[in-house]
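Working notes for the structure below.
Counting starts at 1 for both ligands and their atoms, following the listed order. Just so you know, these numbers come straight off a predicted model, no measurement behind them.
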Amino acid sequence: MRDADVKTWVSNRIKTGQIDKYLDGDRDFIDDNQVFGILEENSDPEPSRVRDIIRKSLEIKTLSAAETAALINVTDRGLLEEMKEAAAEVKRRVYDNRIVTFAPLYTGNYCVNNCLYCGFKSGNSGLVDRRALSMEEIRRESEILAGKIGHKRLIVVYGEHPLTDTGYIAESIRNIYGVKVKTRNGFGQIRRVNVNAAPMSIEDLKMLHDVGIGTYQVFQETYHHGAYRKMHPSDTLKGNYKWRLYSMHRALEAGVDDVGLGVLFGLFDWRFEIIGLVLHAIELETKFGIGPHTVSFPRIEPAMNSPVSDNPQFKVSDDDFRKIITVIRLAIPYTGMIITARESAQMRRATLGMGVTQTDASTRIGIGAYSEAYDRQQEARQQFILGDTRSLDEVIREFSEMGYITSFCTAGYRCGRTGECIMELLRSGQEGRFCKLNAILTFREWLDDFASEETLRAGEKVIEKEIREVKEKLPAFYSQLVSYYERIKKGERDLYF
Ligand code: SAM
Ligand code: SF4
């Protein structure tokens with residue numbers, strides 16, 4: 001593609017009219033000084049206040065920025081322990097012992113931006129063999145993910161470039177949903193396509209809504225204006241902080257009512273970033289009645305030719321990382337929380353009980369890496385280095401041994417339990433009823449189609465316990481569950497409540 005064409009494309013991307021209407025004069029909803037002020041004013045919270053805040057969170061109510069700051073500033077070991085226990089309890093109330101798995105699918109590494117921490121940045125001259133997957137290649141990757149590994153959810157990741165623009169994204173979503181592969185006992189399909197891509201206009205987002213996009217994720221990276229400027233050169237698209245900050249407003253306007261927020265931890269003080277996330281959630285709840293469906297909290301990993309990523313100025317320690325997870329769980333209690341294979345197996349294990357609800361497995365982030373032999377040459381095309389490369393089978397076995405049920409349920413989204421409606425159901429614990437039943441059914445499908453002998457044994461123990469619980473706690477649904485369950489064992493697929 002000619003440089004001039006790329007430039008023209010870039011210059012038409014940002015529609016300032018779609019940001020201006022939300023601004024207060026020139027100001028967005030993150031006031032850096034105010035955030036520092038909130039952290040300062042709540043620097044030494046009374047234990048009784050901390051306990052009141054914890055109680056509010058246990059009622060599944062979003063905390064204010066000041067309440068979140070108070071939790072951030074707790075240092076007393078006993079109180080921190082109470083916070084951790086409450087975070088685990090919040091997770092149980094909203095999500096019970098369910099965990100959701102997914103796989104990332106990297107579609108290409110072309111990018112017009114130059115984020116200092118990312119291996120895909122346009123200035124990375126070491127990345128010589130840039131490419132984007134063809135639709136045929138995307139189908140092949142999806143067939144392996146759905147037919148051999150057993151994933152039903154993907155997070156599809158896109159650089160920002162005219163070669164992988166919204167038309168390409170929409171077509172790839174359509175192709176992924178079109179995949180249907182024979183498995184051991186039934187067939188495999190990708191039932192939910194989540195997307196991590198650059199901010200878009202309302203018109204573009206409507207296109208993605210029309211092809212059935214799942215969650216639309218855009219990480220703000222850092223909420224601090226100064227740090228954002230340093231990391232994202234001003235002559236790039238991503239250099240526009242406000243275009244990114246209001247991307248979820250535009251998504252919700254376009255009818256994409258599942259949105260995912262995130263921070264790339266290491267770019268600025270983590271305390272500031274958590275307040276930014278909470279202010280963002282409150283802003284969306286206030287304006288649209290819908291908060292983030294998920295929150296992601298990646299820590300920067302080393303990336304090729306990106307010194308910032310090798311030695312981040314605000315590197316987050318393991319202890320602080322665990323505190324970050326606890327505070328986010330308490331501050332936005334209804335939200336799904338995603339930990340990825342950037343983290344080690346040990347860290348992922350530890351954070352499950354602290355509030356995490358979703359994780360990836362069998363992860364490959366090279367372009368085309370699921371279908372091709374994974375060699376050193378391809379590793380160079382990766383965005384960063386992974387911390388946990390275990391297979392989905394191994395990860396599920398471990399979850400089962402820990403008493404978690406892996407849910408492949410995507411029913412809630414397909415029968416309209418989304419957006420404002422899901423917010424209410426999650427808060428009241430009612431969504432959990434459907435989720436529990438659908439988790440059993442989808443886990444049965446997976447065990448029959450993909451599990452190794454060992455994982456099958458561990459998984460069946462969990463299923464038996466879950467079925468007993470349905471009989472005791474949800475007797476009205478028991479006979480229907482058993483009927484669906486038996487049909488699934490005979491090879492029927494995709495039966496849900
Ligand atoms: N290009 C789109 C964008 O930037 O919004 C979406 C794809 S980008 C590859 C997805 C996310 O990867 C970014 O939002 C960023 O948080 C994360 N990321 C980039 N470099 C990273 C690194 N070195 N370590 C960990 N995560 C990184
Ligand atoms: Fe491009 Fe996203 Fe990487 Fe930035 S983080 S260089 S926008 S792929």
Side-chain angles (χ1 to χ4, degrees), residues 6 10 13-14 104-127 130-132 154-166 168-169 172 194-200 204 208 215-223 227-228 230-233 235-241 243-245 247-248 251 259-268 273 276-277 294-316 321 338-343 360 363 365-367 381-388:
V6 175
V10 167
R13 271 306 266 180
I14 296 180
L105 172 54
Y106 277 68
T107 52
N109 49 18
Y110 284 110
C111 194
V112 294
N113 295 309
N114 208 6
C115 312
L116 266 51
Y117 46 79
C118 180
F120 293 172
K121 65 180 174 213
S122 56
N124 183 1
S125 51
L127 188 55
R130 295 207 187 237
R131 67 169 181 135
L154 300 184
I155 174 82
V156 191
V157 184
Y158 302 86
E160 187 166 27
H161 195 276
L163 289 171
T164 54
D165 65 0
T166 314
Y168 174 93
I169 298 177
S172 56
N194 300 329
V195 166
N196 186 314
M200 289 173 214
D204 282 357
L208 299 190
T215 306
Y216 172 54
Q217 288 185 345
V218 177
F219 304 160
Q220 186 60 28
E221 320 295 12
T222 171
Y223 283 94
Y228 190 93
K230 268 199 206 157
M231 292 297 140
H232 308 102
D235 59 350
T236 61
L237 277 174
K238 195 152 164 182
N240 190 322
Y241 177 101
W243 180 242
R244 198 165 184 88
L245 189 66
S247 53
M248 296 308 169
V259 295
L261 304 183
V263 158
L264 183 55
F265 282 98
L267 299 182
F268 196 62
E273 305 293 20
L277 275 172
T294 55
V295 171
S296 301
F297 33 89
R299 289 192 280 187
I300 296 189
E301 293 295 329
M304 180 191 188
N305 290 337
S306 307
V308 161
S309 69
D310 291 333
N311 197 9
Q313 191 185 349
F314 295 92
K315 194 176 166 114
V316 169
F321 190 61
I338 302 178
I339 195 161
T340 68
R342 292 175 178 93
E343 297 295 339
D360 52 343
T363 300
I365 58 174
I367 316 299
R381 291 193 212 130
Q382 283 193 178
Q383 191 197 10
F384 49 79
I385 310 299
L386 290 173
D388 182 0

How far apart are the C-alpha atoms of Y110 and I367, what are their side-chain angles, what is the distance that settles it, and do they pass the side chain to side chain contact (heavy atoms under 4.5 Å, CB included) test? CA-CA 11 Å; Y110 284 110; I367 316 299; over 6 Å; no

S309-ligand 1 polar pair, N/O distance under 3.5 Å: no

Rounded to the nearest 0.5 Å, the CD atom of Q313 sits from the CE atom of M231 at a distance of 7.0 Å

Any atoms of ligand 2 less than 4.0 Å from a non-hydrogen atom of C118? List them with their elements. 3 (Fe), 5 (S), 6 (S)

Contact (N/O only, under 3.5 Å) between E160 and ligand 1: no

Within ligand 1, which atoms have a heavy atom of V157 less than 4.0 Å away? 7 (C), 9 (C)

So, taking the atom named CZ in R299 and the one named CG in L264, what distance separates them when rounded to the nearest 0.5 Å? 11.5 Å

Atoms of ligand 2 under 4.0 Å from any heavy atom of K121, numbered from 1 in the order shown, are 6 (S)

Ligand 1 contact by Q217, heavy-atom criterion under 4.0 angstrom: no

In this structure, CG of L154 is separated from CG of L105 (nearest 0.5 Å) by 6.0 Å

The criterion is side chain to side chain contact (heavy atoms under 4.5 Å, CB included); which residues satisfy it with A197, sequence neighbours excluded? Y158, I169, V195, M200

Find all atoms of ligand 1 within a distance of less than 4.0 Å from any non-hydrogen atom belonging to R299, and give their numbers and elements. 25 (C)

Using a 4.0 Å cutoff against the non-hydrogen atoms of R342, which atoms of ligand 1 qualify? 12 (O), 17 (C), 25 (C), 26 (N)

How many angstroms lie between OH in Y117 and CG in D310, if you round to the nearest 0.5 Å? 15.0 Å

Which one of Y117, F120, Y158 has a non-hydrogen atom at the shortest distance from atom 2 (C) of ligand 1? Y158

With N124 as partner, the option from N114, N305, N109 fulfilling side-chain hydrogen bond (donor to acceptor under 3.5 Å, both in side chains) is N305

Do any pairs count as a salt bridge (Lys or Arg N to Asp or Glu O under 4.0 Å) and have a residue in residues 156-165, sequence neighbours left out, and if so which ones? R13-E160

Which of the numbered atoms in ligand 2 are below 4.0 angstrom from a heavy atom of K238? 2 (Fe), 4 (Fe), 5 (S), 7 (S)

Quick one: does ligand 1 sit under 4.0 Å from the side chain of N196, the backbone, both or neither, non-hydrogen atoms only? both

Hey, do the aromatic rings of F268 and F314 have their centres closer than 6.0 Å? yes

Classify the contact between K121 and ligand 1 as side chain, backbone, both or neither, using a heavy-atom distance cut-off of under 4.0 Å. neither

Any chance you could lay out the side chain to side chain donor-acceptor pair (under 3.5 Å) test for E301 and S309, step after step, and finish with the verdict? CA-CA 6 Å; E301 293 295 329; S309 69; over 6 Å; no

Is C111 close enough to atom 4 (Fe) of ligand 2 to have an N, O or S atom under 2.8 Å? no

For F219, the ligand 1 atoms with a heavy-atom partner under 4.0 Å come out as 14 (O), 16 (O)

Is it true that I300 lies under 4.0 Å from ligand 1, counting heavy atoms only? yes

Sub-3.5 Å N/O-N/O distance, Y106 and ligand 1: no

